[in-house]
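Written out below as structure tokens is the structure these notes cover.
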Amino acid sequence: MLDKRYNPKDIEKGKYDTWKERDYFKAGDKSKPKFSMVIPPPNVTGKLHIGHSWNTTVQDIIARYKRMKGFDVLWLPGMDHAGIATQAKVEERLRKEGISRYDLGREKFLEQAWNWKKEYADTIHNQWKMMGLSLDYSRERFTLDEGLNKAVNKVFVSLYNKGLIYRGERIINWDPVFKTALSNIEVVYQDDPGKMYYFKYFIEGTDEYLTVATTRPETMFGDVCVVVNPKDERYKDVVGKKVVNPANGELLPVIADSYVDVEFGTGAMKCTPAHDPNDFKIGQKYGFPHPICMNDDATMNSLCGKYEGQDRYTCRDNLVEDIKNNGCLIKIEDIIHQVGHSERSHAVVEPMLSKQWFVRMEPLAKASLDLQNSDEKIEFIPERFNKIFTNWMTNCEDWCISRQLWWGHRIPAYYSKETGEVLVSEVPPKDMENYTQDEDVLDTWFSSALWPFSTLGWPNKTEDLERYYPLDIMVTAYDIIFFWVSRMIFQGVEFTSKRPFDKVLIHGLIRDANGKKMSKSSGNGVDPIDVIDQYGVDALRYFLTTSTSPGLDTRYIEEKVQSSSNYLNKIWNASRFILLNIKDGEENFEIDENLLDDIDKFILTKLEKTISKVTLNMEKYDFANASTHLYNFVYDDFTSWYVELCKIKLNGEDEKVRHNTLSVLLKVLKDIILMIYPYTPFIAEEIYLNLPTHLESIMKETYPEVEEKFIFEESEEIVVDIINMIKEVRSYKVDNSLAPNAEIKLTLIPTSNLDLNKYLPYLKRFTFASEINISSLGEGNIKVFKFANLLIEDNIDKKELLLKIEKEINRLTKEVERCQKMLSNPQFISKAPEFKINQEKEKMQGYQNELNVYIEKKNKIK
RNA sequence: GGAAGUUUAGCUCAGCUGGGAGAGCGCUACCCUUACAAGGUAGAUGUCACAGGUUCGAGCCCUGUAACUUCCACCA
């Protein structure tokens, strides 16, 4: 039997282990159609945050729902080695012990990294367990697994052989803290205060000068020329001459190129090919050299004379001071400009010329775009994210994939010690002693991109790959569409010739109660563990998946978790009530349809309609809407009305009726439990196992199906009418300052041949009526309902009563007028759909009937 | 500079293919009615951002404007 209180902690205990031990999460039943997903692999950098809870709960709901719907569900777990992020964490930990990674060397450092991974994999496993995720652990993968490593090498070699991976010198984003290259999307731009410096570049052998502005004076040591626009009248005569670089006195040619904007700045631009992507293009175009003036750690190199060894910013200050002293500084302006920072180290990224490995994006992007223009297109939910994806794909540049890190997939390129020639191969050359392997590792997203098929065994033709690929759905937040979703798509298309998944369900980000992004630095993060401690995991899961809208961000609002918990408490107590009514040894809860009365038929009808609406929304992955339908049913129809109304029968003398009512209660309860189960599996399992008809676990159940035989439209209408009458009396009492249980006399004036006697016990009980007559006579307040007019007998004076009636007449007259106006509008009659017209006609008839009753009543009183 | 999203009750948000505006929390009054006071009953509260347009009819469709948010691209 259920405890008196809903206590999440108690009921959550042990259930997960039981499910897991019984292999309920394990895929492989080939008698069923398959449904497959893979978890977006969390980084092994630390604890999971509430955003992960959201993302994984959505998937768990899908997994549990689809299992009930008869699918062989594979939900594959795994984690990401998260190259740069993890290496940063490990290095930080070492630094606290006063050790640098170079002290340890590559091998030893990787040992440390693997230890770190083990540690945090445990933490993550524990959190998955706490969230109740029904993951198939027998298939768990890690991006640095042997198998996945093989996939990575295969992909690299294949792309290389196709010319889609190349090694080349390009301007890349250099992170001087982690001393590695970054891809474009790993750079975050932010508004930083900075300065614009204006310098004199004297024309060779004259007193005349060009004014050149820059925000990064330290790069002047890498300048090769000054560029002006060929149409710029001001500089017409200077083109072809040489000017003096005020940083080092070297002569720079002035050239003309239309790249320079006449309107911008001074119209004369210094060109530093090795430290700016646009300058690089110009340098290439005119065949200039591209001197690099910085070291890996953003200190100045030997090109910079006395500044050598200085940090770039120290050099900047010193250099400006020196130039000023030389009389070549014109002015310094304070500006706010967008500066690129490393996503991970937050250091200001230095654009630098570097030899790196790149993926040639154009052909791969084209294939993805073609896919999205075909019948096989991947469905983004919500649809608008497809546009975001295709826009990015259309404009993306080549992807820099090499990283100067240790933690990751080592690039399978080997250089001959003798000739320096490169050998790209999935396996090391046999005469490895004559080769050295490329020192770099791959961008962590390179392996994540293969996740949908590498986890299933690719490149081997495994059974799992055969059966579960492509995946049915991928669930992820919009912030990694570029990093991850897009790359999974083009790699999937390239290597499997199939889309990697049919659908992508995109959700938003979770913010704090004020709408601010949660972050460690602002300390506004919410730890899911704390929430679970306080409210239980079911309440958290329910909140996360129901108070959110597809594709939109959501706020963490504790009151909503509280409210979720209250809802679960409601279900808990309703269950308790029903179970308390089962007598010892009572069994066989098949519903006897012959014993159903209108009250039963009412709730069954509402139930079937609810099942239909909930299922419809579950199929659309609209969990917020699905849950709202169920919520309304639970509160409005079930606990507020049916559970209350049926107490009469439960306490009645007819044993058969009592038993049958209980059977109805149990059926409705069970279906509620089954529908809430994907959201809140723990409380659902607990209640389920207390039902007299339970199997070994709710996980063995199937989802409720609509049963037409339980839909009784007329009974629903009648009971709704009775309910409205009860509400009317309650409301009357409040309006007239009567106690809720004050005795009252009612008269029902039948307006149809429905036998009202059947419903009198219900009306009596819920209105506390001392007497109810069925008659056409009577004094008092009158209200019109569908099956009867209701008279509430009281001793208010005629004046007051008349006033009330006048008010009703007024209201109804207006309604009738409104309908009349609409119906006499020829445009409406000719253009509106027929059902709408009929609906309006019916409405008018209803209002008219009501109106007649009040008019009659008014005349009587007079 | 380009794009997307948001704007509905005091707060947080729903609102389906256009056909009389809803929920949760909060608020007011009353109620310990034997499943639930983590509860019940009855209520109050809206120029649906603004301006046009389409339509018999617009919170919903179209155009424009404003504010906020986010993403992308960035010029020395």
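Source: prediction; values computed, not measured. Only this structure's heavy atoms are used, side chains among them; waters, hydrogens and symmetry mates stay out. Numbered from 1 within each chain, the chains take letters A, B, ... in sequence-line order.
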Below 4.0 angstrom from OP1 or OP2 of [N], is there any side-chain N or O of [X]?
X: A/Lys570; N: B/rG40; result: yes
X: A/Ser549; N: B/rA14; result: yes
X: A/Asn391; N: B/rC72; result: no
X: A/Ser563; N: B/rG26; result: no
X: A/Arg555; N: B/rU12; result: yes
X: A/Lys647; N: B/rA35; result: yes
X: A/Asn741; N: B/rU33; result: no

Give [X] one of three labels, base, sugar-phosphate or nothing, depending on what nucleic acid heavy atoms sit under 4.0 Å from its own.
X: A/Asn278; value: sugar-phosphate
X: A/Phe385; value: nothing
X: A/Val260; value: base
X: A/Ser640; value: sugar-phosphate
X: A/Gln562; value: nothing
X: A/Pro826; value: nothing
X: A/Ile578; value: nothing
X: A/Asn825; value: sugar-phosphate
X: A/Lys733; value: nothing

If you only use heavy atoms from C-beta on, which nucleotide in [options] is closest to the side chain of [X]?
X: A/Lys387; options: B/rA4, B/rC36, B/rG43; value: B/rA4
X: A/Glu559; options: B/rC25, B/rC36, B/rA4; value: B/rC25
X: A/Phe264; options: B/rA73, B/rC75, B/rA35; value: B/rC75
X: A/Arg511; options: B/rU12, B/rC75, B/rU70; value: B/rU70

- Is the base of B/rA35 touched by the side chain of A/Glu644 through a donor-acceptor pair closer than 3.5 angstrom?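 Yes, the side chain and the base share a sub-3.5 Å donor-acceptor pair.
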- Quick one: does A/Arg216 reach the base of B/rA76 with a side-chain donor-acceptor pair under 3.5 Å?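 Answer is no: no donor-acceptor pair is held.
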- Query: When you match A/Thr215 and A/Phe768 each to their closest nucleotide on RNA chain B, which lands nearer the 5' end?
  - Reply: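 Nearer the 5' end of the strand: A/Phe768.
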- Considering heavy-atom distances to RNA chain B, does A/Pro740 or A/Asp622 have its closest nucleotide positioned more toward the 5' end?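 Taking each residue's closest nucleotide, the earlier one in sequence belongs to A/Asp622.
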Whole-Å gap separating [atom2] ([N]) and [atom1] ([X]):
X: A/Glu218; N: B/rA76; atom1: CD; atom2: C1'; answer: 13 Å
X: A/Gln827; N: B/rG18; atom1: CD; atom2: C1'; answer: 17 Å
X: A/Phe766; N: B/rG40; atom1: CZ; atom2: P; answer: 15 Å
X: A/His337; N: B/rA73; atom1: NE2; atom2: C1'; answer: 17 Å

- Message: Does either side chain, that of A/Asn573 or that of A/Asn569, offer a donor lying less than 3.5 Å from an acceptor on the other one?
- Response: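 Present: a donor and an acceptor within the cut-off.
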- Would you tell me whether A/Tyr478 and A/Asp553 have side-chain atoms, one donor and one acceptor, within less than 3.5 Å of each other?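 Yes, because at least one side-chain N or O of A/Tyr478 sits under 3.5 Å from a partner of the opposite role on A/Asp553.
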G-U wobble or Watson-Crick pairing nucleotide for [N] (cut-off 3.5 Å, both distances):
N: B/rG5; result: B/rC68
N: B/rG52; result: B/rC62
N: B/rU12; result: B/rA23
N: B/rU34; result: none
N: B/rU41; result: B/rA29

- Are the charged groups of A/Arg658 and A/Glu586 less than 4.0 angstrom apart, N to O?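 Yes, this pair counts.
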- Item | Lys/Arg-Asp/Glu bridge criterion (N-O < 4.0 Å) met for A/Asp512, A/Arg555 |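 No.
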- Message: Ring centroids only, cut at 6.0 angstrom: are A/Tyr556 and A/Phe543 within range, meaning strictly under it?
- Response: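 A/Tyr556 vs A/Phe543: aromatic centres under 6.0 Å.
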- Item | Spacing of the P atoms in B/rA49 and B/rG59 (rounded, Å) |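 These two P atoms come out 10 Å apart once rounded.
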- Parallel under 30°, tilted from 30 to 60°, perpendicular over 60°: which one fits the rings of A/Tyr621 and A/Phe623?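 Geometry flag for A/Phe623 against A/Tyr621: perpendicular rings.
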- Message: Here's one to test your reading of the geometry: is the NZ or CZ of A/Lys647 within 45 degrees of the ring axis of A/Phe577 and under 6.0 Å from its centre?
- Response: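 Yes.
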